[in-house]
Amino acid sequence: MEYGYFDDENREYVITNPKTPYPWINYLGNEDFFSLTSNTGGGYTFYKDAKFRRLTRYRYNNIPADNGGKYFYIKDGDTIWSPGWKPVKTELDHYECRHGMSYTKFKGSKNGIEAEVLQFIPLGFWGEIQKVSLKNSSSDKKKIKLFSFIEWCLWNAEDDMTNFQRNFSTGEVEVKDSVIYHKTEFKERRNHYAFYSVNSPITGYDTDRETFVGLYNGLDAPDAVFEGQSRNSIAHGWSPIASHYLEIELKPGEDKEFIFMLGYVEVEKDKKWESKSIINKQPAHDMISSYDTADKVNRAFEDLRAYWDNLLGKISIESADPRLDRMVNIWNQYQCMVTFNMSRSASFFESGIGRGMGFRDSNQDLIGFVHQIPERARERIYDIASTQFEDGSCYHQYQPLTKKGNAAVGGNFNDDPLWLILSTTAYIKETGDFSLLDEMVPFDNDSSRAKSHFEHLKASFYHVVHNLGPHKLPLIGRADWNDCLNLNCFSEDPNESFQTTENQKGGTAESLMIAGLFVVYGKEYVKLCIRIGKEDEAKEAQVHVDAMIEAVKQHGWDGDWYLRAYDYFGNKVGSSENEEGKIFIESQGWCTMAEIGKEEGMVEKSLNAVKKYLDCDYGIVLNYPAFTKYYIEYGEISTYPAGYKENGGIFCHNNPWIMIGETMLGRGDQAYDYYTKIAPSFLEELSELHKVEPYVYCQMIAGKEAHRPGEAKNSWLSGTASWNFYAITQYILGIRAEYDGLAINPCIPASWDGFKMKRVFRDVTYNINVKNPEHISKGIKQILVNGQPVNSNIVPILEKGKEHSVEVLMG
Ligand code: GLC
Ligand code: GLC
């Protein structure tokens, strides 16, 4: 069953039934100021950091789901309704929610009133605009009442939902004209406040939640709205809100527009007050006046559209399947931007208070984003590398507001450092900007301990070399990419976290996944060293890479697939000898991408085993058979019920590793088959089972051993977006940025006649036309650039600012 449809022309997903199987959300904002908006108006807003600077309140795990957001109520006679259906849930004559590129548009109509609410955050602006358009399409004159509603969060989202003994006494607001100001804690250490305005006189307002809603009502039935009258309440403590009340007359056919703005202001310390206890409102007035007419708002909306035209214009394809085109051209790239911005912090599965930016997460996010805004990618790489230590290890996470390593989450995840080589080389290949390597980057955010970025890469590489175990394979530390494979943890206490509990001493558990990762990015490191003239370093590094390849062949091969690990006691993990968890996806992915033992047939055997044991209707599961009891020596992985999460779930993040592995063997049909199993646009018809948004990837789909295989969770924020984009564009479609040009090496389904890609690379536009008359999967007979043959599959960097044709003949 479907709950909407793709409108590719407008780059929107249009939800036509508000009762989606789970709230289907969108993100507004592109740099500092963000909102999450569900298809019924639920969600919240924050500045930079969803934990420390949250503007509006949201209750996770609420009943009913997704209750709380930015709402409008329309009272038309005795009928009360909301344009986004919630919170009132009056059945609408028409409902539509259009999630687009950084905006959401609701259209609701009832009894001859058509309401449209457009929400977006103008570029570079610290405020959300809600443009409300109301039209009377009936033949009678209408007198309606409009109420807005938001609920303020007392800034620190964690404190806000725990520390009630204090919070119920701190809330403070001001109301002046049509603007409601939230100034809790402004008089002490905060130099910021928020406001909610409308560009029209109001008849009334409320700022005290209890007065507006009533202590025992839900948001579906606030007293003030049902009585049709605001109470002009001023909050003193308890829960401050902001609600405007407008009386609106509409003649038949008439329409009116109102601009609401939810803004955030920072004021210099000595300019905080206008007079005693009265805040300085000038900065808010300036913001309000920049978008106080529909014209100004429309222009900002056009700018936003142009911004996305430009971003999405850098890679676009034409294939025979619109589902593929809309993933590559629109939604996958869009999600890459969102994950770049959010890392794993705020979604409808991430509460915004648990996690900041992940070291490994954000590095991986970059590979799907770097072509969009390379300057921001560069800055991000710098921020990430600054949380590293001299020995190459790093904090597992850092807070976006402070950019400092988060000590509470700790470190010692031994895969972490290597991802820095991935992001850095991806950035340089995209931009040709080698100067990043010379940039002085602090260790542990201490600028007195800065060294060149290249030294950070070197430290990353040698962190593995310096942490090898008894089989000369990498020590795993707390865990590798799989956070839940905690081989040194031995936790017996349900109150401790697997991620931060002190590891048992003397651990020699080793990871085959890190081994493969090391070979892939070790080779990259060597290549980079050669490219920048560090021949000696390249030679030395190559020795370590070769040694790792040998170690994997000797100690990491189980006969038909690569082992996953050696545990604390030196026992095999992911071996046919194990009773459960005989085979794991991660080491198959990384060791096949690294092509370890390819000549000996290991790559092929490994991928055949993946197909045989891990593949299922909904994707490739993480391990098989799933664990059915708790193994103290394996940790969190065996805590999950079979088929879910890291225990036999389909982790969409690691499926592309196998797709890429398949392309190493030239098996384009298999690679693409895996791609279509998890690509959301291909799952639209399954929405009822799948539950989450059909326009973005989720982290996990329940695996074949789960109670409900195919049911997905944790949409939006995971490394899935970037890895799938990377796999489809660079390995399946096979167009890849290299230091000296654009490499072309598709590996596609044999049935395809070809495809086209427009790629803007280093300010050069390449119109690539791949033809596949012989219906093969891989192999190139000829490449013509502007009609001239080139004798390598790397198309050089051509004249900037111009369009060039690249004709590729497979064969
Ligand atoms: C989550 C984490 C990521 C981890 C993965 C597998 O997505 O954000 O860091 O690699 O789970 O455990
Ligand atoms: C990863 C896993 C998740 C786990 C978390 C922290 O994100 O996906 O299952 O709970 O790490 O332990």
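Hydrogens, waters and symmetry mates play no part in the numbers below; they use all other heavy atoms, side chains included. Whatever order the structure lists them in is the order used to number ligands and atoms, beginning at 1. None of the values given here were measured: they were computed from a predicted structure.
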Determine whether the side chain, the backbone, both or neither of D361 has a heavy atom under 4.0 Å from any heavy atom of ligand 1.
-> side chain
So D365 and R380, salt bridge (Lys or Arg N to Asp or Glu O under 4.0 Å) or not? Walk me through it.
-> CA-CA 10 Å; D365 290 344; R380 175 65 52 80; 5.9 Å; no
Ligand 1 atoms in contact with R344 (distance to a heavy atom under 4.0 Å) | 8 (O)
Under 4.0 Å between heavy atoms, the region of H653 that gets near ligand 1 turns out to be neither
From the options N647, N623, T628, select the one residue that forms a side chain to side chain donor-acceptor pair (under 3.5 Å) with E580.
-> T628
Could you tell me whether R376 sits above the aromatic face of F340, with NZ or CZ closer than 6.0 angstrom to the six-membered ring centre and within 45 degrees of the axis?
-> no
Would you mind running through ligand 1 and noting each atom that sits below 4.0 Å from a heavy atom of Q699?
-> 1 (C), 7 (O), 11 (O)
Closest to atom 10 (O) of ligand 1 by heavy-atom distance, out of F651, W481, W419, is W481
Would you call D483 and R360 a salt bridge, using N to O less than 4.0 angstrom?
-> yes
Within a strict 4.5 Å, meaning less than it, do heavy atoms of the I315 and Q372 side chains meet?
-> no
